Protein chains: 2
Amino acid sequence: MAGNETGRRHSRDDVAEAALRILDDLGLPDLTMRRLAASLDVQPSALYWHFPNKQTLLAELADRIVATRPEGSAAGKDAGPEAAGGADTDWADSVRSEAAALRDALLAYRDGAEVVSSTLALGLGSPETVDRFARAVARGGFDAETSRRAATALLHFVLGHVSHEQQRLQYDSLGVLATGDSSPLDEDDPAAAFAFGVDLLVGGLELSRSRR
Amino acid sequence: MAGNETGRRHSRDDVAEAALRILDDLGLPDLTMRRLAASLDVQPSALYWHFPNKQTLLAELADRIVATRPEGSAAGKDAGPEAAGGADTDWADSVRSEAAALRDALLAYRDGAEVVSSTLALGLGSPETVDRFARAVARGGFDAETSRRAATALLHFVLGHVSHEQQRLQYDSLGVLATGDSSPLDEDDPAAAFAFGVDLLVGGLELSRSRR
DNA sequence: ACCTGAACACCGTTCAAGT
DNA sequence: ACCTGAACACCGTTCAAGT
């Protein structure tokens, strides 16, 4: 059903795309190697020709998910007028839109945040996501270590927030929505709560800069 | 081996303690219902008399883990001299030590952060952890919604950071420590990186306060 | 280059029945 | 109140062999 319509053999890309489909349709708990194999009309063992194990498959999915950027959501150019060394008055907005773009990408696939989060935790997946944050922060004139630490703080917040957001989505889509049994982490306006958290981190950076 | 030494029957508390032991000794992936049952000299099905399912067991463990506070690490009293309404000049330090105490508690058990994180994500577990953060923030004179949002941002950062920290620990303890293959999220000084992230969030709150 | 067939070593959960 | 025995419906992964 993915890639080649009726032909027998599949590519690594076919497998990844079929996996992404199952993820988005059924969710991460239902993305099993056996179910994936079945969706490709293949034996489970065939998958191990394309990927050494499930974790590697998930890392590939994570990379594809974070590469999902809604059209025209570029968070500033890679090398603007002030790219070479100097401080950028607009760095804060670029951090904010980088965060928003990542959130959008994670929300584009069911359980996207959890897939990326667990892949990052295992040290797999491309470093692109942290790097983008770090570059945006560095535009503010912060040193490399500060930028990297701020970037991971941002990433942890974004992944935690969106994971919870998505968990809530499918919790609501299922039956259990009794009145008032919301957890204290639930937010009635997820986007606003997200922006607030990002602003807190950006504000902290601004403050640390104003103190030299 | 846990609770009653040679007697046959166990309490819910025995089961939880045995589970905590397995978690700390072998890690979350090896904490299976079957292995837990074996450690109690009991059939797997016996566990389902004490807990309706594994998730509920994990939620109980999460509550016990966050209740682990190293001796004398109280992050300020629950009702100090300025408890009733007014702003507290020292609220920032209380947020910081609350964060440090939570980190210590999570680090006290292998995979502690992941257990708490996944429990929180499922909306299980006690709301105490968020509440403590929210109360510490509220001492700064912030309204309830701001305090709650800041608290969840803090919690997401702490859980993300410590999860990664712990994943790195057992990654290092296993074989694979080739030179220079560290992920961009790795920190050579985890405690400093942790404090930096917390300071960013606290700084953001200070800034938002100075802007009225 | 890509897949089958068959097996290995597991999982979480249910449920009637026992004491 | 607490547990056994047996089953159900699954997992991820390996590996010799096929085309």
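Every chain is numbered from 1 and lettered A, B, ... according to where its sequence line falls, protein lines coming before strand lines. Predicted model only: the values in this text are computed from it and were never measured. The figures that follow rest on heavy atoms only: side chains count, while hydrogens, waters and symmetry mates do not.
- For DNA chain D, if you chain together Watson-Crick or G-U pairs that step i with j, i+1 with j-1 and so on, the runs of at least three with distances under 3.5 Å are C:4-8 with D:12-16, C:12-16 with D:4-8.
- Summarising the geometry of B:Gln166 relative to B:Glu114, their closest heavy-atom pair is OE1-N, 4.4 Å, with the distance given to 0.1 Å.
- Using a 4.0 Å cut-off, some side-chain N or O of A:His50 falls inside it from OP1 or OP2 of C:dC3.
- Distance CG (A:Leu28) to P (D:dC11): 13 Å, rounded to an integer number of Å.
- Residues satisfying the side chain to side chain contact (heavy atoms under 4.5 Å, CB included) test with A:Ala19, not counting sequence neighbours, are A:Leu31, A:Leu36, A:Leu57, A:Leu61.
- Here A:His161 pairs with A:Phe157, A:Phe194 under the ring-ring contact (aromatic ring centres under 6.0 Å, His included) rule; sequence neighbours left out.
- Considering only residues two or more places apart in sequence or on other chains, B:Ala100 meets the side chain to side chain contact (heavy atoms under 4.5 Å, CB included) condition with none of them.
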Expected rows: protein N/O vs nucleotides 13-19 of chain D N/O, under 3.5 Å:
{"unit_1": "D:dT13", "atom_1": "OP2", "unit_2": "A:Tyr48", "atom_2": "OH", "d": "2.8"}
{"unit_1": "D:dT13", "atom_1": "OP2", "unit_2": "A:Lys54", "atom_2": "N", "d": "2.9"}
{"unit_1": "D:dT13", "atom_1": "O5'", "unit_2": "A:Tyr48", "atom_2": "OH", "d": "3.4"}

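- One atom, CG of A:Asp30, and another, C1' of D:dG12, lie 16 Å apart when rounded to the nearest Å.
- Note: CG (B:Asp41) to C1' (D:dC2) measures 15 Å, nearest angstrom.
- As a whole-Å value, the separation of B:Leu47 CG from D:dC3 P is 9 Å.
- Rounded to a whole angstrom, the distance from the C1' atom of D:dT14 to that of C:dC3 is 15 Å.
- Between D:dC8 and C:dA9, the distance separating the two P atoms is 22 Å to the nearest Å.
- The ring-ring contact (aromatic ring centres under 6.0 Å, His included) test applied to B:Phe142 returns B:Trp91, not counting sequence neighbours.
- At a threshold of 4.5 Å between non-hydrogen side-chain atoms, the residues A:Leu58 and A:Leu28 count as touching.
- Pairs passing the salt bridge (Lys or Arg N to Asp or Glu O under 4.0 Å) check and including a residue from residues 148-167 of chain B, sequence neighbours excluded, read A:Glu187-B:Arg148, A:Glu187-B:Arg149, B:Arg103-B:Glu165, B:Glu145-B:Arg149.
- Atom CD in B:Gln43 sits roughly 13 Å away from atom P in D:dA7 (whole-Å rounding).
- Residues satisfying the side chain to side chain contact (heavy atoms under 4.5 Å, CB included) test with B:Leu124, not counting sequence neighbours, are B:Gln55, B:Ala59, B:Thr119, B:Leu122.
- Taking atom CZ of residue A:Arg35 and atom C1' of nucleotide D:dG12, one finds them 15 Å apart after rounding to whole Å.
- By the salt bridge (charged side-chain N to carboxylate O under 4.0 Å, His left out) test, A:Asp13 pairs with A:Arg64, sequence neighbours left out.
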